[in-house]
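To find a chain, count down the sequence lines: A is the first, B the second, and so on, and within it residues start at 1. When reading the values below, keep in mind they use all heavy atoms of this one structure, side chains included, and skip hydrogens, waters and symmetry mates.
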Amino acid sequence: MLENNHEDMSILSDDAFRMKFRDWLETTYPDEWKNPVVFRLHGAEETRWLRMLCDGGFRCPSWPREYGGMGLGLRKQLIYHEELERIGAARNVDTGATLLGATIIRHGTDAQKQKYLPEVLNGDCLWCQGFSEPNAGSDLASLKTTAVLDGDEYVINGTKIWTTMAPFSHKIFLLARTDMNAPRPQQGISMLIVDDMKQEGMTVSSITNLNGEAEFAQVFFDDVRIPVTNVIYEVNKGWDVAKAMLGDERIFIGSPTLANQTFAVLEELISKMGKDTDTIFKAEVAKAFCDLNDLRALFAQVCDAAIRGVADGKTYSTIKMQASETFKRISDTLINVAQEYGPSVGHPDLDGFEKDILAFFLIARPSTIYGGASEIQKTIIARDIFGPPAKR
Amino acid sequence: MLENNHEDMSILSDDAFRMKFRDWLETTYPDEWKNPVVFRLHGAEETRWLRMLCDGGFRCPSWPREYGGMGLGLRKQLIYHEELERIGAARNVDTGATLLGATIIRHGTDAQKQKYLPEVLNGDCLWCQGFSEPNAGSDLASLKTTAVLDGDEYVINGTKIWTTMAPFSHKIFLLARTDMNAPRPQQGISMLIVDDMKQEGMTVSSITNLNGEAEFAQVFFDDVRIPVTNVIYEVNKGWDVAKAMLGDERIFIGSPTLANQTFAVLEELISKMGKDTDTIFKAEVAKAFCDLNDLRALFAQVCDAAIRGVADGKTYSTIKMQASETFKRISDTLINVAQEYGPSVGHPDLDGFEKDILAFFLIARPSTIYGGASEIQKTIIARDIFGPPAKR
Amino acid sequence: MVWRHDNEMQRMLRDSIEAHVSANHSTDRVRECREMRAGFDPQEWRAMADLGWTGVLLSEENGGTGLPLSEALPLAEVVGRNLIPEPFVASAIMAATVLNAADNKVSQVIAEPLADGSRVITLAFQEQTGMKGATVPSVTCKNGKLVGNKLFVPAWSDITDLLVTCILDGDLAIVFIPGNAEGLAASPAKMSDGSLMTTLEFSGVAVEPENILLQGQPALDALNLAIANGTLALCAQMEGLATAAFEITVDYMKSRVQFNQPISDFQANRFTMVDLNGEIELGGASWRQALLNLDENRFEAARVSISAAKARCSEMVLAVTKASIQYHGGIGFTEEADIGLYLKAALRLSPWLGGAVYHRMAAYDMYREGQVDAGK
Amino acid sequence: MVWRHDNEMQRMLRDSIEAHVSANHSTDRVRECREMRAGFDPQEWRAMADLGWTGVLLSEENGGTGLPLSEALPLAEVVGRNLIPEPFVASAIMAATVLNAADNKVSQVIAEPLADGSRVITLAFQEQTGMKGATVPSVTCKNGKLVGNKLFVPAWSDITDLLVTCILDGDLAIVFIPGNAEGLAASPAKMSDGSLMTTLEFSGVAVEPENILLQGQPALDALNLAIANGTLALCAQMEGLATAAFEITVDYMKSRVQFNQPISDFQANRFTMVDLNGEIELGGASWRQALLNLDENRFEAARVSISAAKARCSEMVLAVTKASIQYHGGIGFTEEADIGLYLKAALRLSPWLGGAVYHRMAAYDMYREGQVDAGK
C-alpha cells in the first residue's frame, strides 16, 4: 500500500537523476512561485506542490521506497536540493516529511506508519512541530508542557511557541513531560501526536513576525486528550527520539541557499543603483562574494563528509552557524549598499528593481536563533575543542 | 627640603602654562629622542631626562609642591602630556614618580617621604613595580610571594614577572603575602620596598620580548631581608594600597598617544608606497582615521569628566580598553597596508621611509594584556551594566 | 552614562520634554503613527510646538526661542530614545536652520506656522544616494518655474511645505514652495518605521520672487549649515535610540532564564554587550566633539568630525539594534515586541543624510584635503 | 578535522614527512635558522630532497616524481604546521611548475640540482606590491642582456639560481640566470621569520640563448600556473600554520588557571576560539575548492576561487596567530615562547603573493569579468 510505484531513481547515475529532475521541474514548476518574494509556500499552496511532487514521483527523497519515498542516498538528495535552488523554487517547510515522517519510519508502530505516512506523501496532511516553549527556547530540556495518563488517554496541558506553520497545519507532534519526577530534565519527556489541530482544548494563536507574516504561532493545550497509541517510540524516551531526528538531513539547514539568493539580489541592486563601479561599495560586495564562495566550498566538503559518513556534530554545528551567519551578513551588506533605499517597505523605488530587500534583511534576523541559536552551536563546537567546562 | 623652589605653574592660565612648557621643550628636548623608533627611555637615558625635567622645574606634575612636585591639577597634567606628545617625546615609564611616589605621598611615613621622594625627583633612583607573578597575571590576588616576619625584618621569598624596566631599576616595591591564613585572597597582602635590586637574594633575569627588547624581567626573591619599616601603609593592607594607586592618573593609560603615532606612520607609509589614491587601501586608512578620531573625542570627554571628578571605574575601563584596542587595530592596518613590506625587520626597503612598522605592530600586541587585560576591563564594565553574575 | 552631564538649560529642556513624553507618548502611539498616512500625527506636532520644540532653533524674529544647537540636541536624543515619529530633525532643525539664515520678511511668514506647529517645513535638496554636504542641484528655476526632481525627501504630509534647492541664474538658490503647489507631484514611499521618503517632481512649479529665500554664497552656507546641524541632531537621535534599545535589552537579558541562569550571566553575551556599549560611548563622544568644533567655528575640523560621527553613529545604531534582536531570541522577531520598533527605526535613520561606508571615506578625504591645503 | 581525509598517496606522503619532521625538526631549529644568513639551512634542503620533497612536482624527465599538485599539498601543510623555513613553496612548487612547463634539455639541467637539493631555484617575477597573476614585466632582455629590477624575491641564498620573467622581442619570456651571474646585484632584507625578501637588480646580465626557457603564450601560461600552484600551496601552508598555532593555544588555555579555573572555561574565550576555528575551516574549504577547480581545468572558476582562498587564508592566519598571542598573555609576548614564532611566520606568509584586501577585490573583479564574458 505504501510502496512507491514510480521509477526507482536511486539506481540512476547522479547526472541522469539530475537531468531527470531538472527536466521535470522545468516543465512542471509553476512560474508564479519562482524566485519568490514570498519566501515560503503555505497551506493550500504547499499541499498543491506536494501533490505535484507526489504525482511526478519526486516526493520524499530520503524515505525508503517501501514507505513510498524515493529512497535516495544523501548525494542524490543534495542534487535534488540543488535543482530546486536552480529553478528558483520557493521553500516549503514540509515538517511532515522531513521530521515527522522520518521519525515514524524509524520509531513508529506499523499502525502509525499506515495511518500517517500516506497522507504526508500525497500532501493531504500538513504537520507542525511543538518543541519550544515560552521559557524553553535554546534550553529545550526545561520544557513544562505535561501529559498525564488518564485511562488509555493522555491529557495534555501547556503551551508551545514558535510553532512554524501551525496556522496552516492539520496535525502536530510535540514533546511533553510524562514523568514529573525524573531525576534529570531530559528524562521523563515523551513525543506525542495530536491528530487534529482543531480538536477540543487546542488553541492556535498566530504570531506576526517583524516582516508582517503570520507563519508561526503559539499553541495552547488545555486538557487536550489523545490516545496512548499516539506516543512515538516509548514513553519517557521523547528526548532520545528528538535527538535522533537530527540525522544526516540536518545538513540542509547549513545549505547556502538563502545566502545565495541574497547575494543575487545584492548584485542586482548594486547594478541597478549604478554603484557597481564604485570601488568603495564594490569592496563591500566583494567581501560578501568571498564569504559566500567560502561557505559554498565548506558546505560542499561537509556534504562529501556526510556522504562518506564521517561528518560529526561539530561539523554540522559549524556549517549551520556559518550558513546562518553568512546569510545574515550578506543581508546586512544588502541594506548597507542600498543606503537610503534600504528601509523601503515592499521594494525600493528604483526602476525595474522589485526585490523586497527589507524582507531579506528581516527574515535573516532569526536565522541565527532558530534551529539551534549560534550561541548553542558555539557551545557544542567549544565542547569539542576544549572539552566541557568544569562544573563550579 | 622637599619644597619645589621653581615657579608655581599651577597658578598660570592653561594657555600660559602650555606655552611655557612648549617653549622649554622646544629649546631643551634632545633631538635624538624625538619621534623615537626606540619607544622608551631606559636607565641612564631616563635618569638624564628626569634630571633635565627637574632642573627645568617640570618634574612630577601631579605631586604637591610641598613634596617637590609641580602641584598641577588634572587639566594641566593633560596639557603637560599633550605637549610631550606634540614634540614627539620618547615615553619613559617613570614608575618612581607615578606609582611609588604618589603612594608614598598618600600613605608613606615621614621617614619614607624624606628617604624616597628626593631621589625620585632628581632622577637618581629608578623604581620598578613587582605585582604580577607567573601564576598571578590578570588574577593578581592569587599571588604567592611571601614575606615572613623575623625579628624586625621581613624575609621575602617568591618571584615576580613582567617587571617592567627591572634590569634598569635601583629599587622595587612589591606585593607579598604576609598573612597566609587570611580568609580571602585579597587579604593578608602587604606592599613592601626592597631598597637595592642587587642586594643578597635578589636575582633579575631579563626577558626578551617579541620585538627583541629586554625591558622586562622575572625577579626572584630568595630569603631577601628588608626592615619592617619598609612596609608601605599598614601590614596586610597592601591590596587597598594597590587599588588606591589607580587614581585619576590611570586615565593616561587610556591616552590615544600610541594610536596617534601609529596613525601618523600609517599615513606616511601609504603615501611613500604611492597607495594614497588607491581607494581600496584608502578605505582601510579611513577606517583607522575614524577610529582614532572617535577615540580622541572619547578621551577628551573622559578627561573632562575626570577633571570634574565624575569619571567612574567603568569609564576608566572603557577608555583603557578602547585606547589599547584602537592602537592594536591601527597597527594591524599598518601591517595590512604595507603588504609585502609588512614583515620587514628594522624598516621596509622603501626610499626615504625609516619607520619600523614591524616594531609598532609587535609592541601593540601586549597593550591589551598589560595594565588590566581587555578581558578584565570587559568584566568590570559588564558588572556595571548587568551587576555581578550569580554564583553557581 | 553618569560621567556626561547636561548644562542648566539642557537639563531644564530635557526634564520638560521627558515629562511630556512620559505623559503623552508610548510605543502604542509609535504603532498607531506607523499606520497613519504620513507616519506621524499632526496633532502631536502641534502639541510639541506648544512646548517650544519646533521653534527651538528658530530665531526670535522667526517666532522661536533661538537656542543654540547644543541646547537643542537633548531634544533629538529624547526623540530617538522614545521613537517619536514627528519630523523633529528634518523640520525643527534642518528647515529651521535655513529659515534662520534667510532672515527676512518671507522667512518669518514661513517660520510662523512651523513655530506654532500648524505646518511642517522640510528641506528638499538631495538628488542622489549618499552625501557629503551640498552638491550642485539639477533642479532649475528658470523664468519663475521650478523644474526637476528631488529624492529622499523626509517629512512629507498634508501639512508639509518645502524649501527647495535649485539653480537660479547660475547660482544656488533656496526657494519656498507650498506643499499644494500646482505642478508638484509627490511619490511617497513607506519606510520601515512608518515614515515616508518622497520623490518630488517639479514640472514648472511657479516660484514667486519673494519666495526666493537665499541665493549664491548665503544659500550655500545655509544649506551646508542645515546639513551639518541635521547630521549632528540625527547622531544625537541615533544615540538616544541605541541607548534605549541597549537598556531594554539589558533588562530582558537579566530576566530571561535559560539553563538555570539569566542569559545576562553568560560571559560571551556580557562581553558582546560591553563592546556595543563601547560603540555607543564612541558615537556619543564623536558627535559631541563635532558639535564643539562647529560651535567654536572650526569649520574644516567640523566637516571632518561630523562625517566621522555620522559614520560611527550610523553603524552603531544598527549594530546595537541587531544584537538586541538576537538577545531577545524568538521574541525579538515578533511584531509584538517593542524591540523590533527600534530596529526598524534604526534602519530608517542609519542611511539618512549618508550612511557609514560613505561618511567614513568622506571624513578621511576631507581631512586629507585640509592637510593638503594646510601644507600649501 | 576528522571529517576531512587524505587519499592513499596523500596519507603515505604525510606519514613519511611527519616521521622525518618529528625526528629532525623542532622550534629550536626554527630559531637557529632565523640566525642563518639565508634564513634556512642548505643541509636540511638536501635532506628534504633525499626524501623527494623538492622533486615532488618535477616531472620524471626533470628528475622528480611528477605528482599532481593535490598530492603535494599535504607537504605544504606540514611545512606550515612545523614552521619549516626551507623554501618549499617558492622552489619546489613555483619554480618546479615553470621547469615542468619548459620541458626541454636545459630545464633538465636546471631541475636536476633542485631535485637533488644541491641548489634552490626561485622565480623572480614580481615588480610591485599586491598581485593578481602575471603582469607585464619592465625587465627586458635585449641583445642577450637582462636589464631591470625584481622585487620581493623569496628564497635568496648562496645556492639560489633564478628564473626571471622579462620582455624579449615584445613577448613575455622566462629565462634562467645563475645566482652568481655577473651584473646581478641582490639586496636582501631580513623578514620577521628570518627569511629573506630580496630586491634583484639586473644591469646587463648575459642571457645565453639556451637559457631562454619559455617565450610567448607558453611562458605566460607557465607563469600563471606557477602563481596559481604557489598560491594554493601557500594557502595549505597557512592552514597548517594556523592549525598548529590554534592547537598550541588550546593546550595553553587548558593549562593556564586564573580565578580558579582554566582560561579555557571562560565562555568569551571559548566562543572567540570557535570563531577562529570557523575561519580555519573556511580557509581550508576555500583552497580545496580552488584546487578542485584547477584540477578539473575550470580555469575561470579557479582564478576566482584561488583569490578568494588566498584572501581568506591570509586573513585567517593572522587572526589566529594574533589571538594566540592574546590568549598566551604576557608569555605570548616573550621571545622565548614558541607561539611568537607562529605570529612572525604568519606575518611573512600572509602578504606574500598578494594580501587579503587585494585578493578579495581581485576575486570579485574576476568573477564579474567572467560573468560579463559569459553574458556576451
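- The contact between N135(B) and chain D is made by backbone and side chain atoms together, counting heavy-atom distances below 4.5 Å.
- Taking NE2 of H328(D) as the start and CZ of R365(B) as the end, the distance is 15.0 Å to the nearest 0.5 Å.
- Within the model, atoms CD1 of I161(B) and CD1 of I331(D) stand 5.0 Å from one another, a figure rounded to the nearest 0.5 Å.
- For A141(B), no part lies under 4.5 angstrom from a heavy atom of chain D.
- Of the possible polar contacts, one joining the D139(B) side chain to the F259(D) backbone as a donor-acceptor pair under 3.5 Å is found.
- Side-chain atoms of W162(B) and T334(D), non-hydrogen and from C-beta on, do get closer than 4.5 Å to each other.
- Between the CZ atom in F281(B) and the CE atom in M361(D) there is a gap of 10.5 Å [rounded to 0.5 Å].
- Looking at I376(B), the atoms closer than 4.5 Å to chain D (heavy atoms on both sides) all sit in the side chain, from C-beta outward.
- Contacts between K378(B) and chain D at a heavy-atom distance below 4.5 Å are absent for every atom of the residue.
- In this structure, chain B has no heavy atom under 4.5 Å from any part of R360(D).
- In terms of modelled atom types and a separation under 3.5 Å, the side chain of K344(D) and the main chain of L210(B) share a donor-acceptor contact.
- In this structure, Q339(B) and W352(D) have side chains that are not in contact, with every pair of non-hydrogen atoms separated by 4.5 Å or more.
- Chosen from L362(B), D278(B), N336(B), the residue pairing most often with chain D at heavy-atom distances under 4.5 Å is L362(B).
- Heavy-atom pairs under 4.5 Å with chain D peak, among P185(B), S138(B), G342(B), S142(B), at S138(B).
- Of the two parts of Y370(B), neither the backbone nor the side chain holds a non-hydrogen atom closer than 4.5 Å to a non-hydrogen atom of chain D.
- The shortest distance between side-chain heavy atoms of I335(B) and L347(D) falls below 4.5 Å.
- Note that CD of E375(B) and OG1 of T272(D) are 8.0 Å apart. Values are rounded to the nearest 0.5 Å.
- Scanning both residues, M191(D) and S344(B), for their nearest heavy atoms gives CE-OG, 3.4 Å.
- Proximity to chain B is limited to the side chain of Q126(D), based on heavy atoms less than 4.5 angstrom apart.
- With hydrogens and angles disregarded, a donor-acceptor distance shorter than 3.5 Å links the side chain of Q326(D) to the backbone of T368(B).
- Only the side chain of D349(B) comes within contact range of chain D, with heavy atoms under 4.5 Å apart.
- At a 4.5 Å heavy-atom cutoff, D193(D) makes no contact with chain B through either its backbone or its side chain.
- Heavy atoms closer than 4.5 Å to chain D are found in the backbone of P134(B), but not in its side chain.
- For T199(D), the part sitting under 4.5 Å from any heavy atom of chain B is the side chain, from C-beta outward, and nothing else.
- In this structure, chain D has a heavy atom under 4.5 Å from the side chain of L358(B), while its backbone stays farther away.
- F333(D) and I363(B) get closest at one heavy-atom pair: CZ-CA, 4.3 Å.
- With E340(B) contributing its side chain and T129(D) its backbone, the two residues share no donor-acceptor pair below 3.5 Å.
- Chain D forms the most heavy-atom pairs under 4.5 Å with one residue out of N209(B), I207(B), V345(B), and that residue is N209(B).
- Ring centroid separation for the pair Y341(B) and F152(D) comes in under the 6.0 Å cut-off.
- Of the atoms belonging to M197(D), it is side-chain heavy atoms, and not backbone ones, that fall under 4.5 Å from chain B.
- Using a 4.5 Å cut-off between heavy atoms, I263(D) does not touch chain B at all.
- No part of L341(D) comes within reach of chain B, as not one of its non-hydrogen atoms sits under 4.5 angstrom from that chain.
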